[in-house]
Amino acid sequence: MKKVNLFEANGFDEKGFKRLLVQDSPYFKILNFNFKAGQELPVHAHDIEGEVSLVVLEGEGEFLGENGATMPAKAGDVVVSQISEPHGLRAKTDLRLLVTIAPPI
């Protein structure tokens with residue numbers, strides 16, 4: 001069993017979003033991204049099979065998608081999609097995001 005407190009293990013950086021690899025196994029990957037207001041994870045996709053979940057732990061922003069699509073993102077929101085589907089995030093306030101990928105890339 002492994003325990004990680006994301007609020008203690010990963011902070012924020014004015015220069016760019018901070019990334020913490022929480023878990024990496026043959027079954028799934030867990031990452032924590034922390035964004036200062038205005039920072040973003042550009043829209044991207046992975047040319048593999050699998051699913052990705054984006055969970056907003058704290059803050060507000062927008063989920064980003066293909067062709068400029070956006071959806072509001074706030075604490076408690078979860079987006080699940082194929083990892084090959086374009087996805088990204090823009091923070092309006094300081095924002096903590098938990099990402100799971102299965103199977104891991």
Compile the donor-acceptor pairs under 3.5 Å between side chains in residues 56-72 and protein atoms, sequence neighbours left out, one pair per line.
{"residue": "E58", "atom": "OE1", "partner": "R96", "partner atom": "NE", "Å": "3.0"}
{"residue": "E62", "atom": "OE1", "partner": "R90", "partner atom": "NH1", "Å": "2.7"}

Subject >> ILVMFWY cluster, V79 and V43 together (side-chain gap under 4.5 Å) >> reply: no
Original post:
Hey, is NZ on K3 packed in by over 12 heavy atoms from elsewhere, all under 6.0 Å?
Top reply: no
Original post:
Does a side-chain heavy-atom distance below 4.5 Å link L95 with L89?
Top reply: yes
**OP:** Give, for atom CD1 of I48 and atom OG of S84, the distance between the pair rounded to the nearest 0.5 Å.
**Re:** 8.5 Å
Name every donor-acceptor pair, under 3.5 Å, that has one atom in a side chain of residues 5-22 and the other anywhere in the protein, sequence neighbours excluded.
{"residue": "N5", "atom": "OD1", "partner": "F7", "partner atom": "N", "Å": "2.9"}
{"residue": "N5", "atom": "OD1", "partner": "E8", "partner atom": "N", "Å": "3.0"}
{"residue": "N10", "atom": "ND2", "partner": "N32", "partner atom": "O", "Å": "3.4"}
{"residue": "N10", "atom": "ND2", "partner": "N32", "partner atom": "OD1", "Å": "2.8"}
{"residue": "D13", "atom": "OD1", "partner": "K15", "partner atom": "N", "Å": "2.9"}

Subject >> K92: salt bridge (charged side-chain N to carboxylate O under 4.0 Å, His left out) partners, not counting sequence neighbours >> reply: none
Original post:
About how many Å separate CD1 of I83 and NE2 of H44, when rounded to the nearest 0.5 Å?
Top reply: 7.0 Å
**OP:** Find the distance between CZ (F35) and OG1 (T93) and round it off to the nearest 0.5 Å.
**Re:** 11.5 Å
Subject >> Results of side chain to side chain donor-acceptor pair (under 3.5 Å) for K29 - residues two or more places apart only >> reply: none
**OP:** Of all the heavy-atom pairs spanning P103 and P26, show the shortest one and how long it is.
**Re:** CB-O, 4.5 Å
Subject >> salt bridge (charged side-chain N to carboxylate O under 4.0 Å, His left out) partners of D24, counting only residues at least two apart >> reply: none
Original post:
Among the clusters formed by ILVMFWY side chains lying less than 4.5 Å apart, do L54 and L31 turn up in the same one?
Top reply: yes
Subject >> Spacing of H87 atom NE2 and L41 atom CG [to the nearest 0.5 Å] >> reply: 7.0 Å
Original post:
Hey, quick one: are L98 and V80 part of the same hydrophobic cluster, counting side-chain heavy atoms closer than 4.5 Å, chains of contacts allowed?
Top reply: yes
**OP:** Could you list the residues that satisfy side chain to side chain donor-acceptor pair (under 3.5 Å) with S53, not counting sequence neighbours?
**Re:** T100
Original post:
Quick one: do V78 and V99 end up in the same hydrophobic cluster if we chain Ile, Leu, Val, Met, Phe, Trp and Tyr together by side-chain heavy atoms under 4.5 Å apart?
Top reply: no
Original post:
Do side-chain atoms of D94 reach the backbone of K36 as a donor and acceptor pair under 3.5 angstrom?
Top reply: no
